[in-house]
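Structure first, commentary second.
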Amino acid sequence: MTLSLVVLLPFLGAVAAPLFAQAGRTAIAIASSVPALIALMALFPHWKRLADGGVLVQTFEWMPSIGLSLSFRLDGLSLLFALLILVIGLLIILYARYYLKPHENVGKFYAMLLCFKGAMLGIVLSSNLLLMLVFWELTSLTSFLLISFWNHKKDARRGARMALAVTGGGGLALLAGILLIGRIVGSYELDDVLAAADLIQAHALYPFALTLVLLGAFTKSAQFPFHFWLPHAMQAPTPVSAYLHSATMVKAGIFLMARLYPALAGTEQWFYMVSFTGMATLLIGAYVALFKHDLKGLLAHSTVSHLGLITLLFGMGTKLAAVAALFHVINHATFKASLFMAAGIIDHETGTRDMRRINGLWQFMPHTATLAMVAAASMAGVPLLNGFLSKEMFFAESLALNLPGLWAYVPPLVATLAGIFAVAYSARFIHDVFFNGKPKDLPVYPPHEPPRYMKIPVEILVFACVMVGMFPAISIGPLLNIAASATLAGNVPDYQLAVMHGFNLPLLMSFLAFFGGLLMYSQRQRFFDFHARFKEIDEKAIFEKVALKMEDLAATFTHMLESGSLQRYALLFVLSAIAVAWGPISELGVFVGANGLSPIDVPTATGALVLMLCAVGTAAMHRTRFYALILLSVVGLLVALAFARFSAPDLAMTQLSVEVVTIVLLMMALYYMPSWTPIEASWSRRIRDIAIALVAGAGMTLITLAMLTQPFDSISSYFLEHSKKGGGGTNVVNVILVDFRGFDTLGEITVLAIAALGIYTLLKNVQLTPPPGDGHGHPWTRDAYPVMLRQIARPMLPLALMVSLYIFLRGHNLPGGGFIAGLITAVALLLQYIASGMQWTQARVSIRYHNVIGLGLLFAVVAGAGSYAFGFPFLTSTFGYITWPVVGKFEVASALIFDLGVYLTVIGATLLALVSLGNLSPHSAITHLKGGE
Amino acid sequence: MELAFALTIGTLTASGVYLLLRARTFPVIVGLTLLSYGVNLFLFSTGRLVTGGQPILGSTDNYSDPLPQALVLTAIVIGFAMTAFVVVLALRKQADHHDDHVDGRESSARLRLEDEEEDGR
Amino acid sequence: MITTLPVLAWALHITIGMVTLAALLNVYRLIKGPDAPDRVLALDTLYINAIALIILLGITLETRLYMESALLIAVMGFVGTVALAKYLKRGSVIE
Amino acid sequence: MNHWLTAPILIPLLGGIIQIFIGYAPISLRRTLALSTTVLLLVSTIGLLALASDGSYRVYTFGNWAPPFGIVLILDRLSALMLLMTAILAFFCHLFAVHKTDESSRQFHALFLFQLLGLNIAFLTGDLFNLFVAFEVLLIASYGLLMQGTGTKRTIPSLHYVVLNLAGSAVFLISVGMLYSVTGTLNMADLAVKVPQVSAEDLPLVKAGGLMLLVVFGLKAAILPLCFWLPKAYGAATAPVAALFAVMTKVGFYAIVRVFTLIFGADAGPLAHLGLDWLFPLALATLAMGVVGAIGSRSLRTLITWQVIISIGTLLAAVGLGTQEGTSAALFYLLNTTWIVAGLFLVVDLIAGQRGAAADKIVTAPPMYNRTLLSVLFMLGAVASVGLPPLSGFFAKLLILQAATPGPQLAWLWGGLIIGSFFTLIAYSRAGSIVFWRTVEGHVSQPERLTLPLTVAAGGLVGMAVVIVLLAGPISAYVDATAEQLFNTSEYLAILQAQVVVGGL
Amino acid sequence: MLSRLGFPQPFLSLNLFLVWQVLNDGVSGASVVMGLILAWLLPRLTSNFWPERPALVKGWLLPMYILRVLWDIVVASVAVARLVLSPRKPRPVFISYPLSLEHPLAITMLASTISLTPGTVSADVSDDNRILLIHALDAEDEQEVIDTIRQRYEKPLQEIFQ
Amino acid sequence: MQPVYQYFIAALLLIGGFFSLVGAIGLARLPDFFTRLHGPTKATTLGVGAIMLGSVAYFTVRSPGINIAEILITVFLFLTAPVSANILAKAAMHIGVDRTPETRGKPWDQ
Ligand code: NA
Ligand code: NA
């Protein structure tokens with residue numbers, strides 16, 4: 001409970017803090033410190049147990065299926081880091097209270113700071129690797145927001161994005177690494193993982209797991225070559241830099257290495273990867289730091305260098321090195337945090353961070369200067385300060401490291417060289433800022449000491465540096481000890497924390513570093529000149545350039561594929577269909593199946609030929625659109641005949657009526673379109689399309705032929721058997737439509753209804769200008785409604801209604817049914833529209849077609865739902881026979897009501913579509929005719 | 001018989017596919033119609049070809065398979081609805097862009113507009 | 001074909017042949033044109049021939065189940081022709 | 001015979017019919033009725049989920065005809081999950097739509113409800129041809145919805161969408177025909193019984209039919225190379241429609257999962273695991289394409305549309321593993337991605353409404369009126385989409401990564417997903433930081449203020465990222481059970497023994 | 001009288017009744033009942049599509065007329081057949097036929113008759129319904145054609161309508 | 001059935017076939033549109049009519065009861081053929097299709 005509370009509190013605080021934003025900066029600062037205070041109090045009682053090498057683990061189930069549990073662990077290592085996070089966090093809160101300006105969004109700042117703190121605590125306290133990863137990425141996100149706090153600044157945005165890209169990306173690598181470890185160990189619980197060192201290191205996947213985990217650690221801890229994000233993160237407000245880049249975020253990677261040290265360390269791979277990365281980082285950071293004119297830039301690169309140092313120590317793999325690493329974690333956190341704060345104060349008071357302008361601040365802010373100089377001395381590794389101690393241990397370890405042959409000299413040399421640079425840039429920090437003549441045109445002049453309370457955090461930290469530096473054993477000893485024992489799984493080497501270990505090689509190296517550093521700084525101009533020869537590489541610019549280039553490439557590539565060309569998409573679709581189907585088709589052993597071919601009669605053959613001819617003709621003549629339309633209707637007619645020829649009267653009728661309405665629709669559309677299609681495709685393009693079309697056609701031919709000549713039996717015998725006794729109809733097709741598969745029909749008429757509604761919406765207030773005359777330039781005839789046509793149209797209506805009724809009523813037993821009947825009625829009305837015009841006909845049609853559609857659907861649904869009342873499922877039909885005098889015996893079937901729904905829907909939908917189209921035409925028809933109108 | 005039928009379906013498919021790949025709405029729609037004719041015939045023929053076997057009880061002694069017929073009927077109706085809709089959509093294209101090109105002339109212009117971006121993100 | 005005398009069978013075959021030939025001639029005109037009205041006229045005639053063929057099919061199969069198909073062809077053929085002609089001379093079919 | 005199975009079909013159907021009748025009634029009435037229909041639907045689907053979670057199959061035999069002769073609805077865990085997911089999505093989209101979108105036409109609500117009708121039929125039906133009908137219903141409705149709104153920018157994308165889907169329907173019918181021409185049945189369970197017994201000479205027909213089905217479903221699901229119609233179409237649709245369409249590609253996904261585990265699953269004899277060898281690589285390619293598109297996108301809308309494609313790639317890659325774990329993981333991811341992407345569409349619309357001419361373009365613009373709220377919503381959505389902790393996307397991705405079994409597939413899947421996430425992260429951070437942070441002085445003349453319904457709708461969907469995390473345990477338990485049920489096809493086949501009602505009452 | 005029974009257009013109703021019988025392949029109890037219902041119902045449903053009533057005065061003369069036309073059709077077809085099958089070229093002519101009929105229905109009937117009978121097709125009716133444009137397939141003398149039509153068809157039609 | 005019936009029906013069918021063919025030939029070989037118009041409107045219509053009668057006779061004899069539904073189709077054709085011819089002619093005159101040089105008189109302009 002305690003631990004989850006410790007992690008949870010900051011998040012709660014993040015929610016609560018902004019509420020105090022109105023009450024002023026002090027109020028919110030106090031509110032924000034509450035979680036940390038509670039957390040410290042909560043952790044304190046466990047000190048005893050940890051001191052005895054105990055561990056506190058608390059676990060709650062979360063997602064067992066993926067091995068993710070809310071389990072937290074408090075041991076020496078996590079305690080050490082938790083304390084750093086909490087204590088320095090408190091100081092930062094206090095510092096930020098004075099650093100931030102009243103008008104700034106303090107609420108947001110503290111909220112995000114607390115979120116970040118919670119995430120960090122999560123990392124160090126979680127006992128489940130997946131859970132740790134959750135918090136890990138959470139720190140990436142929150143730091144992204146913190147770094148970009150001043151998001152109106154371009155550099156802040158870029159720095160933040162770069163940090164997110166690197167650390168977030170590293171997190172993804174870490175994810176993979178953790179998953180691999182999980183696979184190897186079979187659990188993500190830290191206890192299991194730490195216990196399975198041998199298993200892991202023996203496993204074939206170990207190199208991958210190690211590399212991925214280290215990628216995570218290195219990116220987070222700004223190790224070479226991923227170090228570049230850190231200096232650019234300096235765009236953050238200084239409290240953020242002081243927190244993230246001294247004590248917390250960048251230490252997460254270090255923590256991870258420490259945490260998994262027992263499980264992963266001790267192998268060749270570990271040694272080379274970690275130590276060499278650390279070495280490189282150590283040197284590069286130290287070297288670059290010297291040449292930075294930006295205060296925070298200098299500190300940032302020194303941070304990189306110190307992180308490299310710690311990494312190198314972990315890489316060495318010796319127990320003492322690990323202890324030294326942990327020790328330096330503490331020391332670096334203290335002096336670097338104070339230095340950042342000091343830099344912030346200077347920035348705050350002078351308005352700039354450029355050391356070429358900032359000079360001689362000693363006169364203006366001696367108090368701050370003293371603090372900063374002490375901290376800087378500690379950074380340089382001056383004796384009696386904590387930095388000195390861990391650096392001594394570092395030198396000692398670099399010597400203890402016995403590499404084969406000349407390699408043995410490399411670590412000590414590197415260490416010394418880095419030490420020299422460290423002294424040099426520390427010296428610069430001290431001399432160039434506080435002395436070195438008079439300030440040059442400071443934005444704020446003269447600078448003053450900052451507010452009293454702004455210095456308190458610095459004082460506390462500097463005090464810590466001194467205390468640790470002078471009385472290491474009593475001040476930090478115990479904590480370091482339990483932390484080390486936790487890291488080294490219990491067996492801590494014997495080491496003594498003393499100010500002096502007598503005159504020995506490490507001490508000599510320190511002296512070399514010290515005086516070498518001073519010398520170097522005194523000769524700095526040469527080095528500056530030397531450095532100036534190489535042009536500064538701006539990683540941010542490169543990063544941005546790369547990002548932009550990538551975007552542009554991606555955009556070009558995308559536009560190349562997603563070209564917005566329907567022809568391309570259709571082609572891809574057709575090709576895909578062919579591609580998948582062609583393999584199986586080629587597997588067809590014989591094209592003609594077991595049943596063989598049956599003889600063909602002359603009329604059928606003729607029909608087939610004409611059909612093919614007209615189909616090809618339609619494709620060939622598609623440029624002259626009207627002609628294509630005529631050929632298309634021939635095809636339609638022949639398809640209907642084919643249905644009739646092969647025993648499908650219902651299909652023949654449906655096809656016929658649908659085809660005519662379709663042609664009319666196409667003509668009505670063609671009226672507003674060009675009558676001719678221009679030639680656009682090149683010959684090669686057309687030949688390509690023809691080839692594809694032929695392949696598709698050939699495929700269909702082969703499939704059909706094979707299928708038609710194969711014997712088969714289907715479930716249809718059931719329909720034939722039950723159509724009459726179960727469905728009460730002898731037209732099996734109709735019974736299937738209204739009964740066996742009535743649900744299909746319901747969907748089908750719904751489609752029809754929706755299409756009509758859609759068409760209606762599409763054509764609502766659409767403006768189309770019709771051509772003044774036909775394609776040949778003849779103006780349209782004046783006579784819109786020829787008298788003969790009008791006269792013949794009149795009797796057609798009642799006659800057609802009667803026929804459609806007839807077709808409708810017999811549908812259940814003989815060819816026909818609601819759909820065909822509906823189309824006949826619709827066509828009869830269509831004839832009225834054609835013969836006498838929109839206005840005339842609309843004036844005589846008293847119903848809205850919308851309502852007809854609705855009514856139709858309603859009938860169908862009601863007919864289907866009626867069966868609920870009798871406990872039968874939806875669409876269960878019933879029928880009976882009635883005998884009346886004169887009339888005789890006749891059938892009444894509920895399916896007929898359903899079919900009536902179909903009938904009405906078809907009428908409504910068809911006419912709504914046609915009338916919506918008709919409405920487009922300007923009613924310019926000259927109605928010059930006598931009588932009638 | 002089967003061969004003629006298969007060839008017919010193949011021809012309809014080929015013609016339809018060719019028109020489907022054209023650049024103007026009208027041919028494309030015609031192509032889709034041809035394609036649907038071919039598909040309907042195919043689906044219908046999955047019950048195999050029977051002469052004089054209309055599935056009206058009592059009308060014959062070898063009934064053809066009624067199920068594909070019912071399916072095709074549904075398919076025809078749905079195809080009708082879809083064709084009607086796409087025809088109208090083509091009209092909208094004509095109305096909105098004053099041409100009947102399936103991609104519209106301005107598509108390239110739009111891309112350019114998207115591309116124009118002011119200095120460094 | 002359950003006809004007692006061959007004459008009916010022959011007549012039926014010959015008629016079917018003649019109508020088929022007629023249909024082919026219509027298709028010829030439909031393709032040849034030269035003008036749109038010729039094509040529409042040919043199509044209209046083709047529809048009427050289709051009716052004949054359907055009827056003859058009915059006789060061949062001894063079923064009247066295709067009668068309504070024939071009726072429908074008549075109706076739809078007429079409306080189709082009217083619409084096509086209207087398009088040719090007025091452009092807008094419904095106005 | 002549990003009549004509740006028809007609720008998700010009859011509720012939107014009747015609601016839609018009512019909308020047809022009252023097309024000219026005052027909009028307030030239409031809104032109230034339409035929205036309450038959706039709420040009713042949501043309630044019913046919750047009930048069905050409760051029903052299905054006992055792990056048994058429920059059969060509904062339309063017309064009281066026993067399978068395989070009549071059409072059946074099958075309620076199992078998967079269908080119930082899809083129904084509920086869709087209903088929740090629909091509710092928020094509808095809530096968003098009643099703000100303004102539905103004023104564009106009197107038929108909006110009818111189309112919206114019919115869209116849901118089609119989706120629900122697709123999820124429930126146990127009949128292959130009826131699945132086709134369902135597809136057509138939801139497609140035709142989607143055509144109508146896609147064209148909602150003023151302006152001409154939708155016409156061309158809609159045309160492409162419609163034409164391609166018409167071609168798709170044609171191929172669908174051909175495939176159904178091929179399967180029927182050999183097996184002589186349409187009921188999916190019956191097909192699953194018949195397919196393994198197909199004779200050698202018929203095998204190619206069934207195989208071709210099955211693979212062409214895969215192409216059709218692939219077109220709906222928008223897998224490479226059939227995904228290019230999607231970005232412009234979704235990009236052009238009005239926000240609530242685009243958001244609702246987040247589920248459209250998932251129908252394709254559902255169809256693939258259903259058909260290719262049941263009919264062409266492990267027990268399909270010579271046709272076992274048909275198409276899997278196509279699916280996995282294509283899915284990864286789709287994922288890559290989506291990522292590239294996301295990186296290259298110049299507007300938030302486009303970014304989200306490519307996110308849709310990334311999601312599909314991820315989903316099908318997981319399914320393409322062909323393992324129960326993979327499918328289970330995919331289902332978990334499905335919930336996450338559907339809701340989040342939809343939510344992002346809505347959020348982006350709100351953003352665009354407050355940036356004047358810049359709209360949703362990833363360029364500098366005056367600051368937004370509700371910048372903080374919108375940025376939080378966008379960030380939630382982005383984090384969930386990228387799959388970073390602590391939101392649902394992370395756990396979904398985690399499940400998928402864990403589902404891979406050692407071997408080349410694992411390498412490809414992990415590489416694809418992780419690298420993909422990395423670049424998506426970059427794309428989102430770039431877009432977000434430019435849109436929210438790189439502002440210029442000045443203000444938009446009249447920004448569209450947020451109303452409560454709008455905020456609730458957008459926030460609700462994005463907020464699902466948190467809800468899923470809180471319910472991660474139960475949800476993953478449910479999807480595990482679902483995958484198990486899916487892969488144990490023999491139980492599904494038992495529905496063929498379903499009894500019809502005798503005597504009634 | 002019939003109209004008082006609810007048959008505003010007895011002629012139409014009669015035809016509808018007959019058509020229903022024909023559709024049902026002959027007379028049965030059911031077909032008669034249904035036929036009566038429809039003969040009553042449909043004209044009412046569609047009445048407003050009939051603005052102008054067909055003014056049949058001597059309706060009983062109509063069958064005679066129809067029979068005559070039927071016979072002429074046979075003749076006409078034979079004539080066409082001879083022309084079509086013979087190698088000689090036709091001598092087509094456009095004839096403007098001055099109408100004396102006025103009722104549109106009557107004019108339509110005349111025009112239809114002309115189209116169905118020997119070598120003539122009515123190509124157009126003038127806007128004022130006064131002149132009929134006839135295309136004769138093969139005629140030496142326009143006047144002869146005009147007179148034949150006047151005598152054989154227009155006169156009887158004038159008797160039937162007025 | 002009675003031979004006389006069969007000869008009767010056969011005759012009807014053959015006549016029908018013949019006239020259909022004649023109409024088609026006319027359509028195929030007559031010189032201009034207006035002359036072609038005559039074939040279908042008369043011969044073809046008549047041809048179909050004859051075949052219809054044949055069918056009526058055939059079924060009336062073969063199966064119980066009378067089967068006269070075809071009559072309806074025939075009547076319909078006779079009613080509509082002239083109208084089709086009329087509007088087609090109007091369309092042709094509108095477009096101004098070529099006429100054989102032998103033609104006397106002029107069509108109206110539309
Ligand atoms: Na200086
Ligand atoms: Na009879």
Side-chain angles (χ1 to χ4, degrees), chain C residues 2-12 14-26 28-30 32 34-38 40-42 44-46 48-49 51-53 55-56 58-59 62-64 67-68 70-71 73-75 77-79 81-82 84-90, chain F residues 1 3 5-7 9-18 20-29 33 36-37 39-40 44-45 47-48 51-52 54-55 58-59 62-63 67 69-70 72-74 76-77 79-81 83-98 110:
Chain C
I2 324 143
T3 38
T4 44
L5 286 187
V7 56
L8 194 44
W10 279 110
L12 196 53
I14 295 167
T15 316
I16 291 177
M18 287 195 283
V19 178
T20 311
L21 184 57
L24 274 177
L25 289 169
N26 295 333
Y28 159 79
R29 174 53 68 195
L30 186 141
K32 181 146 183 303
D35 299 307
D38 295 286
V40 180
L41 179 60
D44 187 47
T45 321
L46 205 57
I48 300 177
N49 287 333
I51 299 172
L53 282 172
I55 298 291
L56 293 168
I59 300 177
E62 305 222 331
T63 168
R64 297 176 47 72
M67 204 54 61
E68 290 69 27
L71 180 58
I73 299 184
V75 178
F78 175 63
V79 176
T81 309
V82 167
L84 288 164
K86 182 89 187 283
Y87 171 82
L88 283 179
K89 62 191 195 57
R90 281 292 296 181
Chain F
M1 74 179 101
Y5 282 132
Q6 299 200 28
Y7 284 108
I9 296 169
L12 278 174
L13 292 183
L14 289 170
I15 294 172
F18 171 76
S20 306
L21 192 53
V22 165
I25 294 172
L27 184 64
R29 70 169 282 271
F33 172 81
R36 287 181 209 126
L37 198 53
T44 309
T45 320
V48 179
I51 294 176
M52 296 287 185
S55 166
Y58 179 82
F59 283 105
R62 274 203 79 73
S63 51
N67 301 77
E70 293 88 336
L72 198 62
I73 306 177
T74 320
F76 183 89
L77 285 178
L79 287 180
T80 53
V83 181
S84 312
N86 169 250
I87 56 173
L88 277 174
K90 284 172 78 69
M93 289 190 285
H94 154 66
I95 289 177
V97 297
D98 307 339
Q110 298 290 304

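Chain letters run A, B, ... following the sequence lines, proteins first and then strands; every chain starts at 1.
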Test item: C/Val19 and F/Ile51 side chains (from C-beta on) under 4.5 Å apart, heavy atoms:
yes

C/Leu41 versus chain F, heavy atoms under 4.5 Å apart: side chain, backbone, both or neither?
both

Greatest number of heavy atom pairs closer than 4.5 Å to chain F - which of C/Thr20, C/Val75, C/Asn49, C/Asp44:
C/Val75

Proximity breakdown for F/Asn86 and chain C, heavy-atom pairs closer than 4.5 Å:
neither

For F/Leu77 versus C/Ala74, what's the shortest heavy-atom pair and its separation?
CD2-CB, 4.2 Å

Quick check: closest heavy atoms across F/Leu21 and C/Ala22, and the distance to 0.1 Å?
CD1-N, 3.7 Å

Out of C/Thr15, C/Val82, C/Asn26, which one racks up the most heavy-atom pairs below 4.5 Å with chain F?
C/Thr15

Relative to chain C, which segment of F/Phe76 carries a heavy atom at a distance below 4.5 Å: side chain, backbone, both, or neither?
side chain

F/Ile73 CD1 to C/Ile48 CD1 distance, which is reported to the nearest 0.5 Å
12.0 Å

Would you mind telling me which of F/Ala10, F/Gly23, F/Gly54 has the largest number of heavy-atom pairs within less than 4.5 Å of chain C?
F/Ala10

Taking all heavy atoms of C/Ile51 and all of F/Met52, pick out the closest pair and write down the distance.
CG2-CE, 3.3 Å

Over all heavy atoms of both residues, which pair between C/Met67 and F/Ser55 is shortest? Give the atoms and the distance, please.
CE-OG, 4.3 Å

Looking at C/Lys86, C/Glu68, C/Lys32, C/Met18, which one has more heavy-atom pairs under 4.5 Å with chain F than the rest?
C/Met18

Using side-chain contact (heavy atoms from CB on, under 4.5 Å), reason through C/Thr81 and F/Val83 one step at a time and then give a plain yes or no.
CA-CA 10 Å; C/Thr81 309; F/Val83 181; over 6 Å; no

Grab the two heavy atoms, one from C/Lys89 and one from F/Ile87, that are nearest each other, plus how far apart they are.
CD-O, 4.3 Å

Pick one of side chain, backbone, both or neither for F/Leu27, based on which atoms fall under 4.5 Å of a heavy atom in chain C.
both

Could you walk me through whether F/Glu70 and C/Arg64 pass the side-chain contact (heavy atoms from CB on, under 4.5 Å) check?
CA-CA 10 Å; F/Glu70 293 88 336; C/Arg64 297 176 47 72; 2.7 Å; yes

At their closest point, which heavy atom of C/Ala11 faces which heavy atom of F/Leu14, and how far apart are they?
O-CD2, 3.9 Å

Under a 4.5 Å heavy-atom cut-off, does chain C meet the side chain of F/Leu37, its backbone, both or neither?
both

Side-chain contact test, heavy atoms from C-beta onward, threshold under 4.5 Å: evaluate it for C/Leu8 versus F/Tyr58 and give yes or no.
yes

Does C/Ile59 form a side-chain contact (heavy atoms from CB on, under 4.5 Å) with F/Phe59? I'd like the steps, not just the answer.
CA-CA 8 Å; C/Ile59 300 177; F/Phe59 283 105; 4.1 Å; yes

Top contributor to chain F interface from C/Pro34, C/Gly77, C/Ala36, C/Pro37 [non-hydrogen pairs under 4.5 Å]
C/Pro37

Side chain, backbone, both or neither of C/Asp35 within contact of chain F (heavy atoms, under 4.5 Å)
side chain

Under 4.5 Å heavy-atom distance to chain C, tell me which part of F/Ile15 shows up: side chain, backbone, both or neither.
neither

Close side-chain approach of C/Leu25 to F/Arg29, heavy-atom, < 4.5 Å:
no

Criterion side-chain contact (heavy atoms from CB on, under 4.5 Å) on F/Leu88 and C/Leu84, from CA distance to verdict
CA-CA 9 Å; F/Leu88 277 174; C/Leu84 288 164; over 6 Å; no

Which atoms of C/Leu21 approach chain F - backbone, side chain, both or neither, heavy atom under 4.5 Å:
both

